[in-house]
Amino acid sequence: MAIAKSASILIILCFALACNADNAGKPDPVAGPDMFSNKNVAKDVLLPGEQIVNVQDFGAKGDGKFDCTESFMQAWAKTCHQSSGPARLYVPDGRFVVSSMYFNGPCNATSITIQVQGTVLATTDISEYENGDWLFFQNHNGLKIVGGGTFDGQGKDSWQYAQNCESANDGSCARNPSNLYFSGNSNLVVQNIRSVNPKGFHIFVTKCTNVRLRKLKLVAPGTSPNTDGIHVSHSDTVIMSRNTIATGDDCVSLIPGLRNIFINKLKCGPGHGISIGSLGKYADEGDVRGVRIKNCSLTGTTNGLRIKAWPERYPGAASDVSFSDIIMKDVKNPIIIDQEYECYPDCKKKPSLVKLQNIHFSNIRGTTISPLAVDLRCSGLFPCQGVTIRDIDLKIGLTPTTSRCVNTRPLFGGLLMPPACA
């Protein structure tokens, strides 16, 4: 059994690596027609003739002990490749242990829904996930993951092996496995599920278009390293709404190659807040354009609303970004543009080559634990352009808060606490 399991994992990882290599260097995807436009995606209903494939019919046992990897793979083959109409992979109540699995498309089925009611548990041996992620979904159009169930990465024992890939310069850093990894998908819906204690990120989205991430609850201890909630790169039109994230790193991290990102009604904390970047770390990263973040709350986070870029590395850009209607409670660094990332203070490196323009902060209120509530440190070579700050009310008890503006001249307006930069 151990030999068969190892062989299956090796095949899965080889497929994943081959597909990633195939995607390398391709241009970022552009969102086409949205198949869920003007449809109520919140309601999950069986389609006419939809085939239900229960993992227990293939030998899966929900006892929290039996390795169900082979059973899930067989059920997936039936759902995806052996069905001709709409099909649904069903995970009932119970605790189902699985190792790394690769859900490759496109499928023969006309539509695929994965309905998880129980708990899917990751195996704890980190060596089984070398160069891979836990649950990997690629090349699907119209995939839905629903059901109210839980994906438990059982990551506690693996956090001691987490590396700070943000600081690595040569690209050789190996991330701990994400709970859910989506690559090359379009018209993707993930809603009403929980992710707990991932080994790495909760959800990783890359090279995807027309994505909806809704009513998710992503939970890990505030001390868990590199457990970003939702991490998005090289994607077009990603809509996140009504999500609750409490984790050990960024609640949401948005990195290069993004267009049309919408975040609404996010509850974040603990964690590192909402971050765009880091930018300018690698050559030919792709720009970030069109980010709207509104109606969110952040509680006890180490950062609030942050854009970060490396000095002295590669060109990049972020434009048309707005943060509005945000409530903060005891946030350490509420509003920050940091183009001296991991070089501050007394940075001796050359200025950042990343261009930031049309960045807007409005109606942001609450409490902070930092006297410096608005900290904008832009590039000396490419000063931030078109920055506006309006109706900011951030207090730290009776102590006045302050603003700092370096290499940028924002347009201030409305209620301002802290006051505008001198």
Side-chain angles (χ1 to χ4, degrees), residues 150-151 153 155 166 178-180 190-198 200-205 211-233 238-255 258 261-278 288 291-308 321-338 359-370 373-375 392-396:
T150 300
F151 295 93
E166 190 80 326
S178 304
N179 270 7
L180 303 176
V190 184
Q191 67 178 13
N192 192 29
I193 59 104
R194 288 169 50 90
S195 168
V196 301
N197 296 335
F201 300 161
H202 289 269
I203 295 176
F204 194 126
V205 176
V211 177
R212 287 169 171 80
L213 306 173
R214 307 180 67 256
K215 296 185 177 180
L216 308 179
K217 189 169 185 179
L218 315 180
V219 180
T223 55
S224 57
N226 300 334
T227 53
D228 291 34
I230 300 173
H231 182 85
V232 188
S233 74
V238 180
I239 302 171
M240 311 175 210
S241 59
R242 300 179 183 272
N243 298 314
T244 300
I245 303 176
T247 195
D249 210 297
D250 294 331
C251 289
V252 177
S253 52
L254 306 174
I255 64 171
L258 297 180
I261 307 299
F262 304 91
I263 302 175
N264 186 40
K265 296 185 178 179
L266 167 69
K267 294 181 180 179
C268 167
H272 294 181
I274 301 171
S275 291
I276 297 175
S278 59
V288 174
V291 178
R292 303 287 181 268
I293 299 170
K294 62 183 300 184
N295 298 324
C296 299
S297 64
L298 296 94
T299 302
T301 54
T302 54
N303 295 290
L305 313 172
R306 177 170 61 157
I307 301 175
K308 51 184 179 177
V321 176
S322 69
F323 305 91
S324 62
D325 304 322
I326 310 293
I327 297 175
M328 297 187 176
K329 181 178 180 181
D330 298 337
V331 172
K332 186 175 182 181
N333 299 301
I335 296 174
I336 180 169
I337 294 178
D338 179 7
I359 313 295
H360 309 290
F361 302 91
S362 66
N363 193 25
I364 299 168
R365 60 197 186 277
T367 59
T368 174
I369 61 173
S370 301
V374 176
D375 188 10
I392 308 298
D393 186 9
L394 295 167
K395 297 182 174 66
I396 180 172

Only residue of L218, I274, L254 satisfying side-chain contact (heavy atoms from CB on, under 4.5 Å) with I230 is L218
Rounded to the nearest 0.5 angstrom, the CG-CG distance for N363 and D325 is 4.5 Å
Ignoring hydrogens and angles, tell me if any N or O in the side chain of N179 forms a donor-acceptor pair with the backbone of F151 under 3.5 Å. yes
Taking side chain to side chain contact (heavy atoms under 4.5 Å, CB included) as the test, write out the residues that go with V219, two or more places apart. V196, K217
So CD1 of I336 and CG of N303: to nearest 0.5 Å the spacing works out to 5.5 Å
What are the two closest non-hydrogen atoms of G304 and L298, and how far apart are they? O-CD2, 3.6 Å
What heavy-atom pair brings I255 and S233 nearest, and what distance separates the two atoms? CG1-CB, 3.3 Å
Please evaluate residues I193 and L180 with respect to the criterion side chain to side chain contact (heavy atoms under 4.5 Å, CB included), reporting the C-alpha separation (whole Å), side-chain torsions for both, the decisive distance (0.1 Å), and the verdict. CA-CA 11 Å; I193 59 104; L180 303 176; 4.1 Å; yes
Heavy-atom nearest pair, I392 first then F361, reads CD1-O, 4.2 Å
Minimum heavy-atom distance V321-F323, with the two atoms named: CG1-CE1, 3.6 Å
How long is the straight-line distance from OG1 of T227 back to CG of D250, given to the nearest 0.5 Å? 9.5 Å
Have a look at H202 and tell me which of T247, D249, D228, N197 forms a side chain to side chain donor-acceptor pair (under 3.5 Å) with it. T247
Is a donor on one side and an acceptor on the other found under 3.5 Å between the side chain of N333 and the backbone of T302? yes
Check whether H231 reaches the backbone of V252 with its side chain - one donor and one acceptor, N or O, closer than 3.5 Å. no
Could you list the residues that satisfy side chain to side chain contact (heavy atoms under 4.5 Å, CB included) with K265, not counting sequence neighbours? R242, N295
From I396 CD1 over to I369 CD1, what is the distance, rounded to the nearest 0.5 angstrom? 7.5 Å
Working for side chain to side chain contact (heavy atoms under 4.5 Å, CB included), residues M328 and T368: CA-CA 7 Å; M328 297 187 176; T368 174; over 6 Å; no
Between the side chain of S322 and the main-chain N/O of R292, is any donor-acceptor distance below 3.5 Å? no
Nearest-0.5 Å distance that lies between atom SG in C296 and atom CD1 in I263: 6.5 Å
Side-chain heavy-atom pair V291, L258 within 4.5 angstrom cut-off: no
About how many Å separate CD1 of I364 and CG of L305, when rounded to the nearest 0.5 Å? 5.0 Å
C268 and C251: sulfurs closer than 2.5 Å? yes
Taking N243 for its side chain and L216 for its backbone only, find out whether a donor-acceptor pair lies under 3.5 Å. yes
Is it true that a side-chain atom of S297 and a backbone atom of K267 form a donor plus acceptor pair closer than 3.5 Å? no
